[in-house]
Amino acid sequence: MIQIFQIIEEASRGSKFYNHKKQRQEKIDERIRRMLELKDSFTPEQVSRAEAQMDALTAQLEQSRDLSRFIVHVDMDAFYAAVEMRDRPELRDVPMAVGSNSMLSTSNYAARKFGVRAAMPGFIGRKLCPQLVIVPCDFDKYRAASQLVQQVMARYDPDFSMVSLDEGYLDITDRVATEMDGDTGDQSEDEMAQRLVREMRAEICRLTRLTASAGIAANGMLAKICSDQNKPDGQFFLPRERRAVLDFLRELPVRKVSGIGNVLSQQLAALEVTRCGELLERRGLVRLLFSECIQLSLLRAGLGADPPGVGRDEDSHQKSVSTETTFAGHSRTPRSCRSYWESCVSSCPKTSAARACADGLSR
DNA sequence: TACATACAC
DNA sequence: CATGGTGTATGTA
């Protein structure tokens, strides 16, 4: 609804945050203007040469396209909010969100009807929905629930990989195969994969009293998109056939692809690319206007050809540790900053311990 | 190498 | 009144 946008706009206008955001948007607009200028300078020959180059890349990607795996993306529905609703029945039928007055982590579906969303400040949430109940985060509880979810996932793929507390990827290809050997019935592999995922979701629900949605496809990129299709408490299966994948992607908004965010989707929109299918049609421009790295990921998004793993590759270890806090306006004095800095330093592991830790991590 | 930007959750 | 924190990847000076 347009009203929602108006309320947010009105609540934000004039604030520092708003001005900063506007300034950043102007920079993006400027970049897009320059991009379009460059675009207009291309000759048809240049574009068709670029298309040919993309076609070569496409052939390569098609060559290595792997349709042999069943990758599953599991995504818990409104996770933090669902945990709170489970534990506090009085919250079950009211619009509520988890977070604080300054930031909401997630909202339940009742609150979403009012436009209350994750990453929205609580005070704006309350403008959109005066009855909104905001409950503080309780990460210990969410971690505990996540542990239970992971117990279930591990039974379907011991090598599953979590992205965050509420979502993860599995490769159930082997599990499907063994299940096909053992049990009879003239069930296809596709049906078996879907049955297993339905079963897994039911087990998650039984163990946690929380619902999960899931996507099943040939690779992680597609599975993630699919898990969003029938949310909440649903699943979506995308057949592992090139034709089905291309048909599915043709009309899919580029913004749904993980990795295509606010800025890139604006740039693409300026090129009249809003659907994944259009990434292929306009591949010449993509080639001429974006970095090699982006070219590749956009082509992948158009083709649905992603490397098949689930992230859990050989030496995947955390690469950095950091901390960051925003000071309230009144406490932003040299003295308080200094004392904050002191506390960071004193809570940082001493060098020998840090080295040991680094050794541990690098293994 | 350092710093800035984009992105995800 | 008022808009987060952690981590990864990539681009640029």
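Numbers restart at 1 for each chain; the letters A, B, ... are given by sequence-line order, proteins then strands. Bear in mind that the values here come from a model prediction, so they are computed numbers and not experimental data.
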Once you round it to whole Å, what is the distance between [atom2] of [N] and [atom1] of [X]?
X: H317(A); N: dT8(C); atom1: NE2; atom2: C1'; value: 12 Å
X: L268(A); N: dA6(B); atom1: CG; atom2: C1'; value: 13 Å
X: I32(A); N: dT5(B); atom1: CD1; atom2: P; value: 16 Å
X: R31(A); N: dT12(C); atom1: CZ; atom2: C1'; value: 12 Å
X: N19(A); N: dA2(C); atom1: CG; atom2: P; value: 11 Å
X: Q266(A); N: dA6(B); atom1: CD; atom2: P; value: 10 Å
X: I124(A); N: dA2(C); atom1: CD1; atom2: C1'; value: 8 Å
X: F139(A); N: dT6(C); atom1: CZ; atom2: C1'; value: 11 Å

**Report entry** R69(A) side, atom CZ; D171(A) side, atom CG - distance, nearest 0.5 Å
**Finding:** 4.0 Å

Requested in this report: State the NZ-NZ distance between K22(A) and K27(A), to the nearest 0.5 angstrom.
Outcome: 15.5 Å

Which one, [options], comes nearest to the side chain of [X]?
X: D166(A); options: dG4(C), dC9(B), dG7(C); value: dC9(B)
X: K319(A); options: dT8(C), dT6(C), dT5(B); value: dT8(C)
X: I294(A); options: dG11(C), dT3(C), dA8(B); value: dG11(C)
X: T323(A); options: dT3(C), dC9(B), dT6(C); value: dT6(C)
X: L264(A); options: dG11(C), dC7(B), dC9(B); value: dC7(B)
X: P121(A); options: dG11(C), dT3(C), dA6(B); value: dT3(C)
X: C293(A); options: dT6(C), dG4(C), dG11(C); value: dG11(C)
X: A119(A); options: dG5(C), dG4(C), dT3(C); value: dG4(C)
X: T325(A); options: dT3(C), dG5(C), dG11(C); value: dG5(C)

So does [X] get a side-chain nitrogen or oxygen closer than 4.0 Å to the phosphate oxygens (OP1/OP2) of [N]?
X: K224(A); N: dA8(B); value: no
X: R24(A); N: dA6(B); value: yes
X: S320(A); N: dG7(C); value: no
X: S105(A); N: dG4(C); value: no
X: Q318(A); N: dT8(C); value: no
X: R255(A); N: dA8(B); value: yes
X: S291(A); N: dG11(C); value: yes

Any salt bridge between [X] and [Y], counting N to O under 4.0 Å?
X: R33(A); Y: E30(A); result: yes
X: K231(A); Y: D228(A); result: no
X: R240(A); Y: D66(A); result: no

Requested in this report: Could you measure between the two P atoms, the one in dA8(B) and the one in dT3(C), and give it in whole Å?
Outcome: 24 Å

**Report entry** R112(A) side chain reached by T106(A) side chain, heavy atoms, under 4.5 Å
**Finding:** yes

Report task. Please work out if S15(A) contacts a base, only the sugar-phosphate, or nothing of the nucleic acid, heavy-atom cut-off 4.0 Å. Result -> base

Query raised in the report: Parallel, tilted or perpendicular: which fits the ring planes of Y80(A) and Y142(A), with parallel below 30° and perpendicular above 60°?
Result: parallel

Report task. Test for a donor-acceptor pair under 3.5 Å between the base of dT3(C) and the side chain of S12(A), counting only N and O atoms. Result -> yes

Query raised in the report: So which one's nearest nucleotide on DNA chain C is more toward 5', E292(A) or T326(A)?
Result: T326(A)

